[in-house]
Amino acid sequence: MIISKFQKYLIEQNLSKNTICSYLQTINDFKKLFSTIQKNNLLLYKAKLIEKYKPKSVNLKIQGINKYLEFLNLSELKL
């Protein structure tokens, strides 16, 4: 699965266990809402995060999304 490959990628980047868990949860949450990765979907997800979470949490989740986009070679879609 792509998520397990992403998890391995994060481990190879020497990220902490908590950071990895947070990034994976963010990706799973995004995938529950959107079936495709498009700029518009990413912007909608960011708006939902801003409505629901404090800025520090929003930034962590955006970092997770951006790391996933980097992993998929979709850096041009980064938030």
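- Side-chain atoms of L72 and F6, non-hydrogen and from C-beta on, never get closer than 4.5 Å to each other.
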From CA spacing to verdict: side chain to side chain contact (heavy atoms under 4.5 Å, CB included), Y23, L15: CA-CA 10 Å; Y23 285 7; L15 297 176; 3.9 Å; yes
Check the pair Q7, I3 against side chain to side chain contact (heavy atoms under 4.5 Å, CB included), reporting the backbone distance first and the verdict last. CA-CA 6 Å; Q7 182 177 9; I3 294 297; 5.6 Å; no
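- Counting only heavy atoms from C-beta outward, the side chains of D29 and Q25 approach each other to under 4.5 Å.
- Taking all atoms of both residues into account, the shortest heavy-atom contact from Y9 to K67 is CE2-CD, 3.9 Å.
- Annotation: cation-pi pair K5/F71 absent, no NZ/CZ under 6.0 Å from the ring centroid and within 45° of its normal.
- The line from OG of S16 to CD1 of I11 is 11.0 Å long, rounded to the nearest 0.5 Å.
- In this structure, CG on L60 lies 10.5 Å from CG on L49, to the nearest 0.5 angstrom.
- Using modelled atom types and a 3.5 Å distance limit, the side chains of K78 and Y68 yield no donor-acceptor pair.
- Contact detail for K39 and L77: the closest heavy-atom pair is NZ-O, 3.2 Å.
- For the pair N41 and T36, the tightest heavy-atom approach, listed with the atom from each and the gap, is ND2-O, 2.8 Å.
- Taking CG of L42 as the start and NZ of K46 as the end, the distance is 10.5 Å to the nearest 0.5 Å.
- We find the CD1-CD1 distance between I37 and I65 to be 7.5 Å, quoted to the nearest 0.5 Å.
- A donor-acceptor pair under 3.5 Å links the side-chain atoms of T26 to the main chain of S22, judged by distance alone.
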Please step through side chain to side chain contact (heavy atoms under 4.5 Å, CB included) for the pair E12 and N14, ending with a clear verdict. CA-CA 5 Å; E12 290 170 355; N14 293 320; over 6 Å; no
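- Using cut-offs of 30° and 60° for the angle between ring planes, the F34 and F30 rings count as tilted.
- Between the CD1 atom in I62 and the CG atom in L69 there is a gap of 11.0 Å [rounded to 0.5 Å].
- By the neighbour-count criterion of 12 heavy atoms within 6.0 Å, atom NZ of K48 is sparsely surrounded, having that number or fewer from other residues, nucleotides or ligands.
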Does K8 form a side chain to side chain contact (heavy atoms under 4.5 Å, CB included) with I20? I'd like the steps, not just the answer. CA-CA 10 Å; K8 184 179 177 189; I20 292 170; over 6 Å; no
